[in-house]
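Each residue takes its place number in the sequence, starting with 1. Since the structure is predicted, the reported quantities are computational estimates derived from the model, not experimental observations.
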Amino acid sequence: DILCTMCYVKIVNYYSFTEMEVLLMIKHPFKKLVSIALSAVMIMGMSVTALASSPQTDGYHTSILTDNSSVRISQTSDDNFTYIATYDKSTGTVQLTQTNNTTGAQKVGDIAPIKPRTRASLEEKTFTNYEYEITYGSPNTWELRRPGDNAFNWVYFKTKETSKNRSYLTAFRNAVDKINVQEGAIVGDLGMSALSILAAGAAGAGAIFTGGTLSAAAWGAILSAAGFSTAYVATCMAYDQSCKDAYDAYWNTYYNSTIL
């Protein structure tokens, strides 16, 4: 990745997914930053179906531990782990905690901010900053982008299309296009701010930005903490997988290309 304004070594180890890389934080001169985080005020203003405080029969043993004017805390579990998602309404943040049901070992995700930002239109290639730009020629020139360490920056590289990297470039393009469609579906079903809080929760837990994925129960905790039905778990998991596919294709292309 090139053209950085700040470089440092980042080590991530969430949910048994480890990454070590030099993160290059970019200030792109040609387009505004795409934000997945919108105002917490928008979230509070949405009309959503309230979840009962008693455990739900949704397969994730969902329960709301706390729900007041300041915070909503949700708990879910599966055979292996218990998840607690905390949506802090006063600070506009989301955090996910995972506890091993057998050993009691706990992993605490980052507190992910949902900062007030200008809405990004769906014409911009994904809220998560997985993007591509193709300049047609002989050969074609590609710019591939992925999220940086948060919702407000991204990293990228440029390369020429060759027989060696063509399949990886195609895989990245397909994954990004799929993310774009899935984001539109989430916005259509749940609203703009839903995409913001769901992505923030996943990012804080180490998914999306680092190529990891979350379990169904983990997504259930994030959804219920945000005030949404766990019926959307499958939608979130498909979106999560597409982000992972884009992440993997990005690095496959990088290691099989000549970087410009």
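One hydrophobic cluster, built from ILVMFWY side chains closer than 4.5 Å, holds both I259 and Y247. A continuous path of hydrophobic side-chain contacts links Y232 to L198 [ILVMFWY only; heavy atoms under 4.5 Å]. If you chain together hydrophobic residues whose side chains sit under 4.5 Å apart, Y168 and L144 never meet in one group. In this structure, I134 is a member of the same hydrophobic cluster as V176, with clusters built from ILVMFWY side-chain heavy atoms closer than 4.5 Å.
Rounding to the nearest 0.5 Å places NZ of K244 at 13.0 Å from CE of M237. Atom-to-atom distance recorded for Y60:OH and S77:OG is 11.5 Å, nearest 0.5 angstrom. Here the CZ atom belonging to F172 is positioned 10.0 Å from the CG atom belonging to D177, to the nearest 0.5 angstrom. Distance CG/N174 to OH/Y132: 8.0 Å, rounded to 0.5 Å. Rounding to the nearest 0.5 angstrom, the gap separating the CG atom in N100 from the NZ atom in K107 is 9.0 Å. With rounding to the nearest 0.5 Å, the separation of OG1 in T103 from CZ in F81 is 8.0 Å.
S74 places no side-chain N or O within 3.5 Å of a backbone atom of A85 that could act as its donor or acceptor partner. Although no hydrogens or angles enter the test, the distance criterion places no donor-acceptor pair under 3.5 Å between the side chain of R145 and the main chain of V155. One N or O on the side chain of Q95 and one on the backbone of G109 form a donor-acceptor pair closer than 3.5 Å. Within the 3.5 Å criterion, the main-chain N or O of L65 finds no donor-acceptor partner in the side chain of S63. Proximity of a side-chain donor or acceptor of N101 to a complementary backbone N or O of T82 within less than 3.5 Å is detected. Under a 3.5 Å cut-off, the side chain of D240 and the backbone N or O of L214 do form a donor-acceptor pair. Under the 3.5 Å distance criterion, the side-chain polar atoms of N140 are matched with a main-chain donor or acceptor of G137.
You'll find the side chain of F228 reaches within 4.5 Å of the side chain of L190, heavy atoms only. Side-chain contact between C236 and L223: present, with at least one pair of heavy atoms (C-beta onward) separated by less than 4.5 Å. The closest side-chain heavy-atom distance from D67 to K89 is below 4.5 Å. The shortest side-chain heavy-atom distance between I186 and T235 falls under the 4.5 Å cut-off. Residues V71 and N68 form a side-chain contact, since some pair of their non-hydrogen atoms from C-beta on lies under 4.5 Å apart.
When T230, I197, L96 are each tested for a side chain to side chain contact (heavy atoms under 4.5 Å, CB included) with I222, only one passes: L96.
Across every non-hydrogen atom of D88 and S90, the tightest pair is OD1-OG, 2.5 Å. Listed here is the closest heavy atom pair of A226 and Y87: CA-CD2, 4.4 Å.
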Apply side chain to side chain contact (heavy atoms under 4.5 Å, CB included) to residues W142 and T135 and explain how you reach the verdict. CA-CA 6 Å; W142 290 65; T135 302; over 6 Å; no
Check the pair E133 / K158 against salt bridge (charged side-chain N to carboxylate O under 4.0 Å, His left out), numbers first and verdict last. CA-CA 9 Å; E133 182 177 326; K158 292 183 178 182; over 6 Å; no
Show your reasoning for whether side chain to side chain contact (heavy atoms under 4.5 Å, CB included) applies to T162 and S257. CA-CA 8 Å; T162 66; S257 300; 5.9 Å; no
Taking it one step at a time, do D245 and Y130 satisfy side-chain hydrogen bond (donor to acceptor under 3.5 Å, both in side chains)? CA-CA 10 Å; D245 292 343; Y130 284 109; over 6 Å; no
Does the pair E183 and Y239 meet the rule for a side-chain hydrogen bond (donor to acceptor under 3.5 Å, both in side chains), with working shown? CA-CA 8 Å; E183 287 179 343; Y239 177 58; 2.7 Å; yes
Using side-chain hydrogen bond (donor to acceptor under 3.5 Å, both in side chains), reason through Y254 and T159 one step at a time and then give a plain yes or no. CA-CA 8 Å; Y254 184 88; T159 189; over 6 Å; no
Walk me through whether T97 and Q106 qualify under side chain to side chain contact (heavy atoms under 4.5 Å, CB included). CA-CA 7 Å; T97 300; Q106 190 175 79; 3.4 Å; yes
side-chain hydrogen bond (donor to acceptor under 3.5 Å, both in side chains) assessment of S242 paired with Q182: CA-CA 9 Å; S242 295; Q182 290 167 327; 2.8 Å; yes
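Between the side chains of T141 and Y136, no donor-acceptor pair of N or O atoms lies under 3.5 Å. Of the N and O atoms on the side chains of N165 and E161, not one donor lies less than 3.5 Å from an acceptor on the other residue.
For the pair R146 and Y250, the distance from NZ or CZ to the six-membered ring centre is under 6.0 Å and the angle to the ring normal is within 45 degrees.
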